[in-house]
Amino acid sequence: MWNLARFAASRLSRSRRLFSSAIPGPCIVHKRGADILHDPWFNKDTGFPLTERDRLGLRGLLPPRVISFEQQYDRFMESYRSLERNTKCQPESVVALAKWRILNRLHDRNETLYYRVLIDNIKDFAPIIYTPTVGLVCQNYSGLFRRPRGMYFSAKDKGEMMSMIYNWPAQQVDMIVLTDGSRILGLGDLGVQGIGIPIGKLDMYVAAAGINPQRILPVMLDVGTNNQKLLEDPLYLGLRQPRLEGEEYLSIVDEFMEAVFTRWPKAIVQFEDFQMKWAFETLERYRKKFCMFNDDIQGTAGVALAGLLGTVRAQGRSLADFANQKIVVVGAGSAGLGVLSMAVQAVARMAGKSETAASNFFLLDKDGLITKERKNLDPAAAPFAKDPGQIVGLREGASLLEVVKKVKPDVLLGLSGVGGVFNEEVVLKAMHESDSSKPAIFAMSNPTMNAECTAADAFKHAGENIVFASGSPFENVNLGSNGKVGHVNQANNMYLFPGIGLGALLSGAHFITDGMLQAAAECLASYMTDEEIQRGILYPSINRVFDISQQRLEHLSCELLLQRNWQKGMEMWVPESWRTCQKRRRWNTYFEICGTLFTAHLFMRSRLRILFSTIWMEAISM
């Protein structure tokens with residue numbers, strides 16, 4: 001068995017990608033003077049000492065006082081807190097955009113300081129660079145645009161993408177987030193303005209997984225827009241034409257994927273916010289050819305599954321009882337169907353019966369309950385359509401209220417993108433009749449205005465004993481003078497996708513499988529303690545998830561090794577590269593500039609999470 005271990009390790013070392021946070025060696029920078037100050041990666045603002053100012057032609061181009069990195073950090077944080085104080089009485093959307101602007105200006109000027117600020121204050125800044133503010137940014141992106149970030153490939157570039165990809169200055173790219181802007185969050189078709197989503201996602205990769213920010217690439221695939229308002233907007237920056245469809249559309253995506261993996265064969269591509277028909281089509285088209293995944297389908301499903309498994313524990317049941325949970329899913333888009341697919345696979349694995357795995361799941365869309373009698377039934381939804389003969393008292397197109405009253409579900413899960421669909425009279429009060437001792441309500445649609453219900457409404461009308469989760473952040477709910485608190489869980493993909501990307505990157509996985517995502521979801525679910533689960537807490541706080549100890553990671557890796565039938569004598573076998581990565585848990589900056597040589601010793605805080613251990617093990621078992 002030790003020979004087998006060495007063989008697996010040797011294969012891994014030959015095939016794995018170089019870890020993106022490794023310390024880069026010296027590189028030649030053909031820049032001097034103002035050009036360095038205008039490059040956000042090299043610029044240190046007033047942090048250049050006098051010797052560097054002389055060598056790089058900066059003397060006279062900066063104020064004479066040298067301000068250290070730490071002082072710059074403190075100055076920015078004071079500016080940010082001042083903004084918070086001065087905008088207390090302003091509308092929430094105005095405040096959110098003002099916060100995004102001040103962070104974006106820092107990003108444009110000094111990337112090292114930007115990521116340091118982001119990592120150290122991730123709980124405060126994640127809602128600004130990511131959901132829910134990123135939706136507002138995308139809606140206004142053409143007006144907010146100041147500096148290009150990422151790459152733009154359009155329908156007009158057909159036949160040119162192979163040469164275009166070499167316009168990107170980085171020699172190596174590890175992580176790419178790609179969107180076509182066709183379904184941005186629950187906001188619909190935003191065309192080229194959807195580039196805000198890949199930018200925000202990749203910032204989370206840097207902050208949550210330690211991916212090197214010089215080796216990330218946000219990409220917009222502009223194939224037009226069907227949003228008439230954007231087409232008539234004089235400030236709109238994208239193609240002014242209807243969206244391509246059919247083979248024309250797929251040929252554009254094909255050409256882009258071939259170009260990317262020709263230049264960077266070990267890159268990982270995350271598809272983001274594609275409309276449902278293309279989300280499933282592209283996933284099946286590329287998943288066995290390239291290292292890629294669709295976060296809306298697979299990432300959302302993994303986070304939701306972790307929450308569903310946590311709900312079972314909150315009800316005082318064993319995880320094996322998940323197969324008996326009655327779950328109503330509202331929303332038959334890519335996210336809803338992805339959740340159903342992964343949950344059904346989990347039930348089949350636990351119960352050992354795939355034929356009846358979907359029997360306790362009920363799927364609804366805007367036309368009500370989906371059954372096999374549905375005309376023009378979407379093929380993607382067909383496996384979850386109910387047989388009318390097996391649902392006594394319910395019919396094709398039954399309303400949400402009818403389904404909830406008849407089924408009395410353990411979990412009501414919303415991914416509809418319709419704000420307020422879980423309303424007081426129709427749904428929330430009906431959950432009082434649930435057969436569960438601790439029913440769960442998951443309002444997972446983003447951004448906040450599209451959430452199926454608010455946390456306050458859920459606890460007020462469905463009862464204080466519920467478990468609540470949402471896609472966008474809500475404040476915990478005060479349930480009375482006795483000090484009882486209704487905990488709000490943010491069931492957001494950020495708990496999963498950074499670990500998926502990092503695990504695939506480190507392991508050198510050629511493909512990202514459903515097994516990896518399921519294992520990651522189960523590992524995330526098991527992270528919370530029984531005490532936390534009983535209080536209704538299903539997910540760790542953002543701060544906690546980045547500070548899991550090395551001992552916890554190694555313990556879980558041993559458990560996963562045993563689950564894969566490795567010998568017990570291998571319990572402490574961990575790749576050296578993994579140990580090295582675990583030690584790189586602090587972000588520090590050290591610049592040594594001599595003439596035109598620039599050395600940046602950038603120790604990324606990888607903060608390897610519980611999910612990475614799962615994905616790494618899944619990869620080497622393939």
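Only a predicted model underlies this, so the values are computations on that prediction, with no experimental measurement involved.
A distance of 4.0 Å separates NE2 in His487 from CD1 in Ile537, rounded to the nearest 0.5 Å. Going from atom CE of Met276 over to atom OG of Ser182 covers 11.5 Å, rounded to the nearest 0.5 Å. Rounded to the nearest 0.5 Å, atoms CZ (Phe293) and CG (Leu283) are 10.5 Å apart. For the atom pair Gln298 CD and Gln518 CD, the distance stands at 10.5 Å (nearest 0.5 Å). With rounding to the nearest 0.5 Å, the separation of CG in Asn423 from CG in Leu400 is 8.5 Å. Taking CD1 of Ile500 as the reference point, atom OH of Tyr495 lies at 15.5 Å (rounded to 0.5 Å).
Evaluation of the side-chain contact (heavy atoms from CB on, under 4.5 Å) rule for Lys406 yields Leu394 as partners, not counting sequence neighbours. Residues passing the side-chain contact (heavy atoms from CB on, under 4.5 Å) test with Ala458, sequence neighbours excluded: Ile441, Cys453, Ile466, Phe468.
When all heavy atoms of Pro498 and Met204 are compared, the closest pair comes out as CG-O, 4.3 Å. Shortest non-hydrogen contact noted between Asp410 and Arg317 is OD1-NH2, 3.7 Å. Closest non-hydrogen pair, Ala155 versus Leu244, comes out as CB-CD1, 3.6 Å. Across Gly536 and Val467, no two heavy atoms sit closer than the pair O-CG1, 4.3 Å. The two residues Ala304 and Leu413 come nearest to each other via the heavy atoms CB-CD1, 4.4 Å.
Ring-centre distance between Tyr205 and Phe497: below the 6.0 Å cut-off.
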Item to complete: Output, in order, the C-alpha distance, side-chain angles, deciding distance and verdict of side chain to side chain contact (heavy atoms under 4.5 Å, CB included) for Asp222 and Asp180.
Response: CA-CA 6 Å; Asp222 185 3; Asp180 69 350; over 6 Å; no
Practice prompt. Take Arg374 and Asp365 through the test salt bridge (Lys or Arg N to Asp or Glu O under 4.0 Å) and record every step on the way to the result.
Written response: CA-CA 11 Å; Arg374 173 72 60 94; Asp365 64 3; 2.9 Å; yes
Practice prompt. Could you walk me through whether Lys438 and Thr311 pass side chain to side chain contact (heavy atoms under 4.5 Å, CB included), step by step?
Written response: CA-CA 8 Å; Lys438 206 175 186 73; Thr311 298; over 6 Å; no
Item to complete: Tell me, with the steps shown, if Val219 and Phe256 meet side chain to side chain contact (heavy atoms under 4.5 Å, CB included).
Response: CA-CA 10 Å; Val219 175; Phe256 169 78; 3.7 Å; yes
Practice prompt. Kindly determine whether Lys326 and Asn360 satisfy side-chain hydrogen bond (donor to acceptor under 3.5 Å, both in side chains), including the steps that lead there.
Written response: CA-CA 5 Å; Lys326 291 179 291 184; Asn360 285 335; over 6 Å; no
Discussion item. Walk me through whether Ile370 and Phe384 qualify under side chain to side chain contact (heavy atoms under 4.5 Å, CB included).
Written reply: CA-CA 8 Å; Ile370 297 177; Phe384 313 110; over 6 Å; no
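Between Leu364 and Val329 the shortest side-chain heavy-atom distance does not fall below 4.5 Å. In this structure, the side chains of Leu187 and Gln139 come closer than 4.5 Å at one or more pairs of heavy atoms. The shortest side-chain heavy-atom distance between Glu258 and Phe290 falls under the 4.5 Å cut-off.
Between Glu272 and Lys201, at least one side-chain nitrogen of the basic residue sits less than 4.0 Å from a carboxylate oxygen of the acidic one, meeting the salt-bridge criterion. The existence of a salt bridge linking Arg313 and Asp321 is excluded, since no basic side-chain nitrogen approaches an acidic carboxylate oxygen closer than 4.0 Å. Salt bridge present: Glu245 and Lys277 bring a charged side-chain N and a carboxylate O closer than 4.0 Å. Under a 4.0 Å N-O distance rule, the pair Lys408/Glu433 does not qualify as a salt bridge. Taking the charged nitrogens against the carboxylate oxygens, Arg183 and Asp189 have no contact shorter than 4.0 Å, which rules out a salt bridge. Salt bridge annotation for Arg287-Asp514: present, with a cationic side-chain nitrogen under 4.0 angstrom from a carboxylate oxygen. Between Glu373 and Arg395 there is no salt bridge, since no side-chain nitrogen of the basic residue lies less than 4.0 Å from a carboxylate oxygen of the acidic one.
The side chain to side chain donor-acceptor pair (under 3.5 Å) test with Ser472 is passed by exactly one of Asn492, Asn450, Asn446: Asn446. If you run side chain to side chain contact (heavy atoms under 4.5 Å, CB included) between Leu190 and each of Thr225, Ile184, Ile195, only Ile184 comes through.
Side-chain contact check for Ser251 and Glu255: no donor-acceptor pair (N or O, by modelled atom type) lies under 3.5 Å. A donor-acceptor contact closer than 3.5 angstrom links the side chains of Ser445 and Glu452. Side-chain contact of Gln315 with Ser436: a donor-acceptor pair under 3.5 Å is present, judged by distance alone.
Of the possible polar contacts, none joining the Thr356 side chain to the Ser359 backbone as a donor-acceptor pair under 3.5 Å is found. Judged by distance alone, the side chain of Ser470 and the main-chain N or O of Pro473 form no donor-acceptor pair under 3.5 Å. Between the side chain of Ser341 and the backbone N or O of Leu337, no donor-acceptor pair lies under 3.5 Å.
Using the six-membered ring where Trp is involved, Phe322 and Phe361 have ring planes that are perpendicular, over 60° apart on the 30 and 60° scheme.
Geometrically, Lys288 does not engage Phe511 in a cation-pi contact, judged by NZ or CZ lying under 6.0 Å from the ring centre and within 45° of the ring axis.
A 6.0 Å sphere centred on NZ of Lys372 holds more than 12 heavy atoms belonging to other residues, nucleotides or ligands.
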